[in-house]
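Okay, structure first, notes after.
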Amino acid sequence: MNTPERMGYACINMQLSQPKNFGPNPKAQKVFTNRTMIRRTFNQKGVDYASSLALQNCIDLYQILKWNHENGFDFFRISSNLFPWASEYEFEDLKDYENIIDWLDKCGQYAIATNQRLTTHPGPFNKLASPHERVVKNTIKDLEIHGWMMDRLGMPRTPWAKINIHVGAAYNDKPMATGNFCKNFDKLSDSVKSRLTVENDDKKSLYTTHELYDTVYKRIGTPLVFDYHHHECHSDGVPEAEALKLAASTWGDITPVVHYSESRAKEQSDDSIKVQAHSDYIYRPIDTYGAKVHCMVEAKRKELAVSTWREKHKII
DNA sequence: CATGGTCAAGTGGCA
DNA sequence: TGCCACTTGACCATG
């Protein structure tokens, strides 16, 4: 197999979330799962308002999953913003708690029935390698929120439903940082541990697939997500094929996930854009070097980028 | 030395 | 309707 078995998109459905696609009062009809608020509003309106936003986000998650199935998508990354300010309360305290878990259950059952793979990618503030206790505590809290969500969705406790993060920091002392990462991994619940994966970084000062293999995978067994674009930014001269195959070898029975995006600077022919920035669309063939993988496309135009790519490359 | 942009990922809130 | 600020961390390019 030299092309991905599945192609997915992340968090936002362009066609469902564009106000211009709707008639009067478009905001009320927009389907999206990122409803949130700034701190000031949270302080004013409190947990009850967060609860209603979360409920609406969960309802819209179901709408997106429905759209996915009806439009031939079977791989999707769930937004990490489903529960605004979730670090500030317990789920059980939400006024809509019962309703929310019903919707999550409905989403999970539907995804399973329609054979959709669901994953997550908690944000760059998750630093399990940090030497600062407070940072680690915040990270664990955020990761546990993702684990709880996957449990409520009825997703397996395997990297099929991955919770993917970066090591993402070195502090000028990689052995210390990766040591911290592995030590703090032990503080996570089984819900997170069983699903956690680690992705190669895009900065020269951070970690390639091979470094993660040696310092993280060998010690705690978390599968490695190979990101093509990050590899292009930081490869230590290792060929793409080799790094991808090494990452794929860490997944056991579970189909590995890879991330794919292209350089925005090249796409827009604008050197002032950082090399790490993601393109709107993707253009090139995706070589999987014989590995069976599921490919998460990280392009700004989301599912439209996948559809366009499929047409161009004549892949259904 | 300080600021802004990048990752994730745009959205809320107010003029 | 437009525009700027917006929870978290860390790093890096630019001014």
Side-chain angles (χ1 to χ4, degrees), chain A residues 9-14 16-20 26-27 30-45 49-50 52-53 56-57 60 64 76-89 119-146 162-174 176-177 180-181 184 198-207 225 227 229-234 259 261 263-265 270-280 296-303 305:
Chain A
Y9 67 102
C11 307
I12 291 165
N13 182 298
M14 296 305 290
L16 295 179
S17 67
Q18 294 303 307
K20 63 174 165 50
K27 205 168 176 180
K30 264 183 66 166
V31 174
F32 70 122
T33 64
N34 295 329
R35 291 174 187 81
T36 184
M37 59 195 142
I38 60 175
R39 181 187 288 280
R40 179 157 35 95
T41 307
F42 181 57
N43 290 343
Q44 283 166 8
K45 300 193 174 181
Y49 183 58
S52 17
L53 293 183
Q56 192 56 54
N57 284 339
D60 278 5
I64 293 173
F76 180 67
R77 179 189 298 166
I78 301 173
S79 165
S80 292
N81 295 344
L82 234 58
F83 302 97
W85 295 97
S87 54
E88 306 298 312
Y89 50 79
T119 62
T120 62
H121 194 350
F125 303 110
N126 286 276
K127 292 293 190 279
L128 212 48
S130 178
H132 309 294
E133 198 180 332
R134 181 182 51 82
V135 174
V136 173
K137 194 163 154 276
N138 290 344
T139 299
I140 291 172
K141 176 75 184 176
D142 197 27
L143 292 177
E144 293 297 338
I145 289 165
H146 288 79
K162 78 180 165 63
I163 299 172
N164 176 61
I165 59 173
H166 291 263
V167 174
Y171 315 98
N172 284 319
D173 186 350
K174 282 184 173 180
M176 180 276 288
N180 280 351
F181 189 95
N184 291 328
V198 181
E199 175 181 350
N200 57 312
D201 289 291
D202 61 8
K203 293 189 186 75
K204 300 241 182 269
S205 62
L206 300 180
Y207 308 89
V225 170
D227 185 308
H229 188 211
H230 295 171
H231 180 82
E232 216 172 288
C233 299
H234 178 38
H259 291 174
S261 60
S263 154
R264 181 173 197 79
D270 180 349
D271 290 343
S272 70
I273 299 172
K274 299 222 186 294
V275 284
Q276 289 92 340
H278 291 169
S279 55
D280 283 340
M296 178 52 62
V297 173
E298 297 179 325
K300 295 289 182 196
R301 301 300 288 179
K302 305 296 179 184
E303 88 284 2

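Side-chain atoms are counted along with the backbone in the values below, which use heavy atoms only and exclude waters and symmetry mates. Being a predicted model, the structure only gives us computed values, none of them experimental. Each chain gets a letter, A, B and so on, in the order the sequences are listed, and its residues count up from 1.
- Side chain of T41(A) to backbone of M37(A): no donor-acceptor contact under 3.5 angstrom is found.
- Spacing between atom NE2 of H234(A) and atom P of dC11(C) amounts to 13 Å, rounded to whole angstrom units.
- For the pair R77(A) and dA9(B), the criterion of a side-chain N or O lying under 4.0 Å from OP1 or OP2 is met.
- Nearest nucleotide to the side chain of R134(A), out of dT8(C), dA9(B), dA8(B): dT8(C).
- When the nucleotides dG9(C), dT6(B), dT7(C) are ranked by their closest atom to the side chain of V135(A), dG9(C) comes out on top.
- In this structure, the NZ atom of K302(A) is 4 Å from the P atom of dG10(B), given to the nearest Å.
- With sequence neighbours excluded, the residues that form a side chain to side chain contact (heavy atoms under 4.5 Å, CB included) with T119(A) are F75(A), R77(A), R117(A), K162(A), M296(A).
- Computed from coordinates, the D202(A) CG to dA13(C) C1' distance equals 14 Å when rounded to whole Å.
- Of the side-chain N and O atoms in S130(A), one or more sit less than 4.0 angstrom from OP1 or OP2 of dA10(C).
- For K141(A), no side-chain nitrogen or oxygen approaches OP1 or OP2 of dT8(C) to under 4.0 Å.
- Under a 4.0 Å N-O distance rule, the pair R35(A)/D60(A) qualifies as a salt bridge.
- In the set dT7(C), dG9(C), dT6(B), dG9(C) carries the atom at the smallest distance from any side-chain atom of F125(A).
- A distance of about 14 Å separates the P atoms of dA5(C) and dT3(B), rounded to the whole Å.
- Rounded to the nearest Å, the gap between the P atom of dG4(B) and that of dC6(C) is 12 Å.
- Considering only the side chain of M37(A), dG12(B) comes nearest among dT6(B), dA10(C), dG12(B).
- E88(A) has its CD atom 17 Å from the P atom of dC6(C), to the nearest Å.
- H230(A) places no side-chain N or O within 3.5 Å of a backbone atom of D201(A) that could act as its donor or acceptor partner.
- Sequence order on DNA chain B of the closest nucleotides to G123(A) and F42(A) puts G123(A) first from the 5' end.
- The ring of H229(A) has its center closer than 6.0 angstrom to the ring center of H278(A).
- Nucleotide dG13(B) holds its C1' atom 10 Å from the OH atom of Y49(A), rounded to whole Å.
- Side-chain atoms of H230(A) lie closest to dC7(B) of the nucleotides dC7(B), dC11(C), dG9(C).
- Applying the 4.0 Å criterion to OP1 and OP2 of dC12(C), one finds that S205(A) has a side-chain N or O inside that range.
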Take D142(A) and N126(A), measure what side-chain hydrogen bond (donor to acceptor under 3.5 Å, both in side chains) needs, and give me the verdict at the end.
CA-CA 7 Å; D142(A) 197 27; N126(A) 286 276; 2.9 Å; yes

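- Here the nucleotide nearest the side chain of K300(A), chosen from dA10(C), dT8(C), dC7(B), is dC7(B).
- With rounding to the nearest 0.5 angstrom, the CZ atom of R301(A) is 8.5 Å from the CD atom of E303(A).
- Atom CG of N200(A) and atom C1' of dC7(B) are 13 Å apart (whole Å).
- Residue Y171(A) has its side chain nearest to dA10(C) when only dA10(C), dT11(B), dA8(B) are considered.
- Listed candidates were dG9(C), dC7(B), dA9(B). Nearest to the side chain of H278(A) is dC7(B).
- For dC14(B), the OP1/OP2 oxygens have a side-chain nitrogen or oxygen of R40(A) closer than 4.0 Å.
- Nearest to the side-chain atoms of T41(A) among the listed nucleotides dG12(B), dT6(B), dC7(B) stands dG12(B).
- Rounded to an integer number of Å, the gap from N172(A) CG to dA10(C) C1' is 11 Å.
- A 4.5 Å side-chain heavy-atom check between F83(A) and Y89(A) finds at least one atom pair inside the cut-off.
- When the C1' atom is used for both dG10(B) and dG5(B), the distance is 15 Å, rounded to whole Å.
- In this structure, H121(A) has its ring center under 6.0 Å from that of H259(A).
- Rounding to whole angstrom units, CZ of residue R264(A) and C1' of dA9(B) are separated by 13 Å.
- In this structure, the nucleotide among dG10(B), dA10(C), dG13(B) sitting nearest to the side chain of N34(A) is dG10(B).
- Distances shorter than 4.0 Å separate none of the side-chain N or O atoms of H229(A) from OP1 or OP2 on dC7(B).
- Both key distances under 3.5 Å define a Watson-Crick or G-U pair, and stretches of 3 or more such consecutive pairs in DNA chain B run B:1-7 with C:9-15, B:10-15 with C:1-6.
- Rounded to whole Å, the separation between the P atoms of dC1(B) and dT7(C) comes to 29 Å.
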